[in-house]
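See structure below.
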Amino acid sequence: MSAPLRLVVLVSGSGTLLQALLDATAAGTLPAQVVAVGTDRADCTGLARADAAGVPTFVEPLADHPDRDAWDAALAARVAGYEPDLVVTAGFMKILGPRTLDACTFLNTHPALLPAFPGAHGVRDALAYGVRVTGSTAHLVDAGVDTGPIIEQRTVTITDDDTEDTLHERIKVVEREMLVDVVTRMAHGGWRVDGRRVVVGPARA
Ligand SMILES: Nc1nc2c(c(=O)[nH]1)N[C@@H](CN(C=O)c1ccc(C(=O)N[C@@H](CCC(=O)O)C(=O)O)cc1)CN2
Ligand SMILES: NCC(=O)N[C@@H]1O[C@H](COP(=O)([O-])[O-])[C@@H](O)[C@H]1O
């Protein structure tokens, strides 16, 4: 029986993706431990979810530092201090710098079907463009913005009466399921990156 996967989860908002991971680890269906929850925003409700689960938290606002490099160095030290096997950015709304990315492997979920509609407003942009199908993407994080190798994607059909909020809530339903499924598979079988492909699970003999 291998040790549970050590997860650090970074959030900026309501934290329902975080809650899905906390629930799965508490239920024993995800062989992982959320060892810390970090944020750039002291007012985010994701912190309250971590507190309720007894998970240590840290707050590292960009505004507390003279520039982005200093914030990157401080965040990298915070993350590395928990010795994670994997860091999940779950609604974390800041672009991570090179030092932080060097600290661990990062997994992000984005509320659109990358490479379409990257960035901070994927749901709004898909709706505005008029696509009929969008969804969520789980990908490893690289120095670009939502350009890392894709692990899995799930689709959501846009309806004629959708607003950004109604669409985002439906995306989050499939996103939470996908995130727990992907991290569970990674916890059981590990992963390797082959160019732009991420292979989850043990290499075939
Ligand atoms: N180096 C990377 N860092 C992060 C990535 C990534 O792919 N590479 N993904 C994001 C999450 N994300 C999309 O899924 C995302 C979040 C925020 C932004 C963005 O433009 N942020 C602005 C500030 C926006 C704001 O404060 O409202 C910024 O950081 O200047 C783009 C993509 C997690 N980090
Ligand atoms: N570009 C990053 C981005 O838009 N991330 C999105 O923020 C939401 C967080 O939900 P939550 O706070 O309820 O977990 C999720 O839909 C996630 O994909």
Side-chain angles (χ1 to χ4, degrees), residues 5-22 32-51 53 55-112 114-125 136-151 175 179 182-183 186-187 190-198:
L5 199 72
R6 291 176 60 85
L7 298 177
V8 166
V9 182
L10 300 181
V11 298
S12 295
S14 57
T16 68
L17 287 171
L18 163 66
Q19 192 62 58
L21 292 172
L22 291 171
Q33 180 187 3
V34 180
V35 297
V37 171
T39 184
D40 61 314
R41 300 189 50 164
D43 63 345
C44 83
T45 51
L47 287 176
R49 296 181 189 272
D51 290 342
V55 173
T57 62
F58 61 89
V59 182
E60 199 62 65
L62 176 58
D64 284 5
H65 298 277
D67 55 39
R68 203 123 192 176
D69 280 350
W71 175 72
D72 180 30
L75 185 60
R78 291 276 204 161
V79 167
Y82 288 99
E83 298 181 324
D85 299 307
L86 180 69
V87 180
V88 178
T89 51
F92 185 70
M93 297 304 289
K94 286 288 185 291
I95 298 169
L96 296 165
R99 292 179 183 83
T100 302
L101 293 175
D102 282 347
C104 194
T105 298
F106 284 71
L107 167 71
N108 182 54
T109 66
H110 177 73
L114 294 173
F117 313 117
H121 306 288
V123 179
R124 180 198 70 184
D125 296 345
S136 182
T137 301
H139 65 98
L140 297 185
V141 177
D142 65 14
V145 178
D146 299 328
T147 54
I150 292 169
I151 300 170
E175 197 167 22
L179 178 59
V182 166
V183 176
M186 294 173 85
W191 64 93
R192 61 185 172 86
V193 181
D194 177 10
R196 282 206 55 83
R197 283 172 48 79
V198 183

Minimum side-chain heavy-atom gap [X]-[Y] below 4.5 Å:
X     : Y     : answer
Arg49 : Val55 : no
Val35 : Pro56 : no
Leu7  : Leu5  : yes

Would you say [X]'s side chain and [Y]'s backbone share a donor-acceptor pair under 3.5 angstrom?
X      : Y      : answer
Arg197 : Arg192 : no
Thr137 : Leu114 : yes
Asn108 : Val141 : no
Trp71  : Glu60  : yes
Asp67  : Ala70  : yes
Arg6   : Tyr82  : yes

Exercise. Identify, with sequence neighbours excluded, every residue that meets salt bridge (charged side-chain N to carboxylate O under 4.0 Å, His left out) alongside Asp72.
Key: Arg99

Exercise. For a side chain to side chain contact (heavy atoms under 4.5 Å, CB included) with Lys94, tell me which candidate from Thr89, Leu75, Asp40, Leu10 qualifies.
Key: Asp40

Self-check item: Matching residue for Cys44 among Thr39, Val37, Val59 - test: side chain to side chain contact (heavy atoms under 4.5 Å, CB included)
Solution: Thr39

Identify the two heavy atoms, one from [X] and one from [Y], that lie closest to each other, and give their separation to 0.1 Å.
X      : Y      : value
Phe58  : Ala36  : CE2-CB, 4.3 Å
Thr105 : Trp191 : CG2-NE1, 3.8 Å
Ala50  : Leu18  : N-CD2, 4.4 Å

Practice problem: Decide whether Glu175 and His110 meet the rule of one side-chain donor and one side-chain acceptor closer than 3.5 Å. | Solution: no

Quiz item: Got more than 12 heavy atoms from elsewhere within 6.0 Å of CZ, Arg41?
Solution: no

Quiz prompt | side chain to side chain contact (heavy atoms under 4.5 Å, CB included) evaluation trace for Leu101 with Asp142 | solution = CA-CA 7 Å; Leu101 293 175; Asp142 65 14; 5.7 Å; no

Practice problem: Could you give me the CA-CA distance, side-chain angles and deciding distance for Arg68 and Leu62, then say whether side chain to side chain contact (heavy atoms under 4.5 Å, CB included) is met? | Solution: CA-CA 7 Å; Arg68 203 123 192 176; Leu62 176 58; 4.2 Å; yes

Self-check item: Pair Val183-Leu21, side chain to side chain contact (heavy atoms under 4.5 Å, CB included): steps then yes or no
Solution: CA-CA 9 Å; Val183 176; Leu21 292 172; 4.3 Å; yes

Quiz item: Between His139 and Leu107, does a side chain to side chain contact (heavy atoms under 4.5 Å, CB included) hold up when you go through it step by step?
Solution: CA-CA 6 Å; His139 65 98; Leu107 167 71; 5.9 Å; no

